[in-house]
Amino acid sequence: MDNENLHIAFYDTRAYDRDAFTQMNANFLYNIDFFDFHLDEKTASTAKGYDAVCVFVNDNLNEKVIRILKECGVKLIALRCAGFNNVDLEAAKSAEIPVVRVPAYSPHSVAEHAVALLLSLTRKIPQAYMRTRTGNFTLNGLTGRNLNGLTAGILGTGKIGKIMAEILSGFGMKIEMYDVYPDKTWAQQHNFTYVELNKLFADSDVLSLHCPLTGETKHIVNTQSLAMMKKDAVIINTGRGALIDSKALVHALKKQTIGGAALDVYEEESKYFFDDWSIDVIRDDMLTRLLTFPNVIITGHQAFLTTNALQSIAQTTMENVRAYFKGEELVNEVK
């Protein structure tokens, strides 16, 4: 199929998506339509007439949605992200619709945001900023904590987790890690240590989550694991929201059995993140409770959001589409 005859529907897009993909499309010349609404059961019929759909983390591609996409003539599902837990892969396989993704776009962008969250949390930067904006230069209540000499626990040592470990090592932190597929050669090169999961929870002064969301990792941070942690330990999550049981985290924060949390993701984020709720009522009780804690920082799933990452995402996504319609090997297909 010629590029100019290929039509792609992009869902859940924002200005930065449209800008990055429009610029990249100058090299591909596809026919692209951008939609700001999610792809789900209510909107799937809008894919009629498109050869491919391009979706993001909060689009819901369940069995019914995929069946509708098949009926609409969609031949390819292109994820412009690394995670694929929002896609029913068995349904896609049955419908004979390949699913491709962007396995790595800019791991530095996510790791660096995780470090920014950690420093903001431990040095109370948001509180200090709000004070000085009103002319208040007092320091009471702003006492922080050195990272040097503390233990950083890295849960998941893919590309992002490895970069996070190396950055925190530069602060003089001791690095402990857990991964079901440990890279012992890399760990030995950096003098990092893989440990059992329970030891990771117990030892960590900083626990940073970088593992994928699977049946095994859902709520890996839960009542039991939180009970193992130090009372002044902090949790950083730039992975997937459902890695943390939000109810258990709120309970630990209320009882002051955990030192704090900095979250770029939330397990029920799809309704709220990427939209403006500042003049409306947030009805998610867990999210509203988390927003009240002074030792919790929440950003709206922005760890990926750098110009470098957006360019990489756009390029890989477009090349995935080209490879499929040219009959080439799909190196980024989700099996």
Side-chain angles (χ1 to χ4, degrees), residues 10-20 34-44 46 53-62 65 79-88 109-110 113-114 116-118 120-121 126-127 129-130 208-210 212-213 217-222 234-254 258 260-306 309-310 313:
F10 279 68
Y11 291 88
D12 193 21
T13 63
R14 300 295 183 265
Y16 46 82
D17 296 307
R18 296 189 285 271
D19 290 346
F34 295 104
F35 301 126
D36 58 4
F37 51 82
H38 293 163
L39 177 60
D40 55 27
E41 294 180 10
K42 294 180 180 179
T43 64
T46 61
V53 295
C54 183
V55 299
F56 198 47
V57 295
N58 289 328
D59 293 303
N60 181 15
L61 283 80
N62 60 25
V65 170
L79 296 162
R80 57 182 189 274
C81 54
F84 48 86
N85 55 284
N86 57 327
V87 182
D88 187 330
S109 67
V110 180
H113 188 76
L117 287 174
L118 172 58
S120 296
L121 181 65
Q127 293 94 324
Y129 171 77
M130 294 305 296
S208 194
L209 309 182
H210 301 285
L213 179 61
T217 62
K218 182 177 180 180
H219 289 180
I220 195 168
V221 176
N222 51 48
V234 297
I235 300 171
I236 313 298
N237 189 9
T238 53
R240 285 289 181 263
L243 296 174
I244 298 177
D245 180 341
S246 301
K247 185 176 180 179
L249 178 60
V250 166
H251 180 77
L253 289 163
K254 286 171 62 177
I258 195 76
L263 315 172
D264 187 54
V265 288
Y266 173 67
E267 61 178 325
E268 301 296 337
E269 70 180 52
S270 59
K271 182 175 181 179
Y272 297 102
F273 281 25
F274 307 108
D275 292 311
D276 183 1
W277 285 81
S278 62
I279 57 173
D280 210 331
V281 176
I282 296 177
R283 294 180 173 84
D284 186 315
D285 291 342
M286 289 298 105
L287 179 57
T288 54
R289 189 69 180 94
L290 285 168
L291 288 168
T292 66
F293 288 105
N295 54 341
V296 172
I297 296 175
I298 297 177
T299 54
H301 206 139
Q302 72 177 75
F304 77 97
L305 193 60
T306 66
L310 288 172
I313 290 169

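Counting begins at 1 with the first residue of the sequence. Source: prediction; values computed, not measured.
Side chain of N237 to main chain of R240: a donor-acceptor pair is present (N/O by atom type, distance under 3.5 Å, no hydrogens or angles). For T217 (side chain) and I220 (main-chain N/O), no donor-acceptor pair under 3.5 Å exists by modelled atom type.
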### Task
In sequence, state the C-alpha distance, the side-chain angles, and the governing distance for H251 and D245, and then conclude on side chain to side chain contact (heavy atoms under 4.5 Å, CB included).
CA-CA 10 Å; H251 180 77; D245 180 341; over 6 Å; no
- Do Y272 and R283 pass the side chain to side chain contact (heavy atoms under 4.5 Å, CB included) test, and can you show the C-alpha distance, the side-chain angles, and the key distance before you say yes or no? CA-CA 10 Å; Y272 297 102; R283 294 180 173 84; 3.9 Å; yes
For a side chain to side chain contact (heavy atoms under 4.5 Å, CB included) check, start with the C-alpha distance between F304 and L310, then their side-chain angles and the critical distance, and finish with the verdict. CA-CA 8 Å; F304 77 97; L310 288 172; 4.0 Å; yes
*Run the numbers on L253 and L290 for side chain to side chain contact (heavy atoms under 4.5 Å, CB included), then give the verdict.*
CA-CA 9 Å; L253 289 163; L290 285 168; 3.8 Å; yes
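Among all heavy-atom pairs drawn from F273 and V265, the shortest one is CE2-CA, 4.1 Å. Heavy atoms only, all atoms of each residue included: T288 and I282 are closest at CG2-O, 3.3 Å. Residues L121 and G260 approach most closely at CD2-C, 4.1 Å, considering heavy atoms. Shown here for I297 and P126, the closest heavy-atom pair between the two residues is CD1-CG, 3.8 Å.
Side-chain atoms of D88 and L61, non-hydrogen and from C-beta on, never get closer than 4.5 Å to each other. Considering only heavy atoms from C-beta on, H301 comes within 4.5 Å of E269 through its side chain. In this structure, L243 and L213 have side chains that are in contact, with non-hydrogen atoms separated by less than 4.5 Å. D17 places none of its side-chain heavy atoms less than 4.5 Å from the side chain of F10. With a 4.5 Å cut-off on side-chain heavy atoms, K247 and V250 do not count as touching. Looking only at side-chain heavy atoms (C-beta outward), S208 and L118 stay at 4.5 Å or farther from each other.
Considering CZ of F56 and CZ of F274, their distance stands at 4.5 Å, rounded to 0.5 Å. Between the NE2 atom in H38 and the CG atom in N58 there is a gap of 5.0 Å [rounded to 0.5 Å]. Expressed to the nearest 0.5 Å, how far CD1 of I236 lies from OG of S120 amounts to 9.0 Å. Distance CE/M286 to CD/E267: 9.5 Å, rounded to 0.5 Å. Within the model, atoms CZ of F37 and OG1 of T13 stand 9.0 Å from one another, a figure rounded to the nearest 0.5 Å. Rounded to the nearest 0.5 angstrom, L79 CG and C54 SG are separated by 8.0 Å.
Between the side chains of T43 and D40, at least one donor-acceptor pair of N or O atoms lies under 3.5 Å.
With respect to T299, the side chain to side chain contact (heavy atoms under 4.5 Å, CB included) criterion is satisfied by exactly one of L263, D264, L305, T238: D264.
Screening residues 271-280 for salt bridge (charged side-chain N to carboxylate O under 4.0 Å, His left out) gives R14-D275 as the qualifying pairs, with residues at least two apart or on separate chains.
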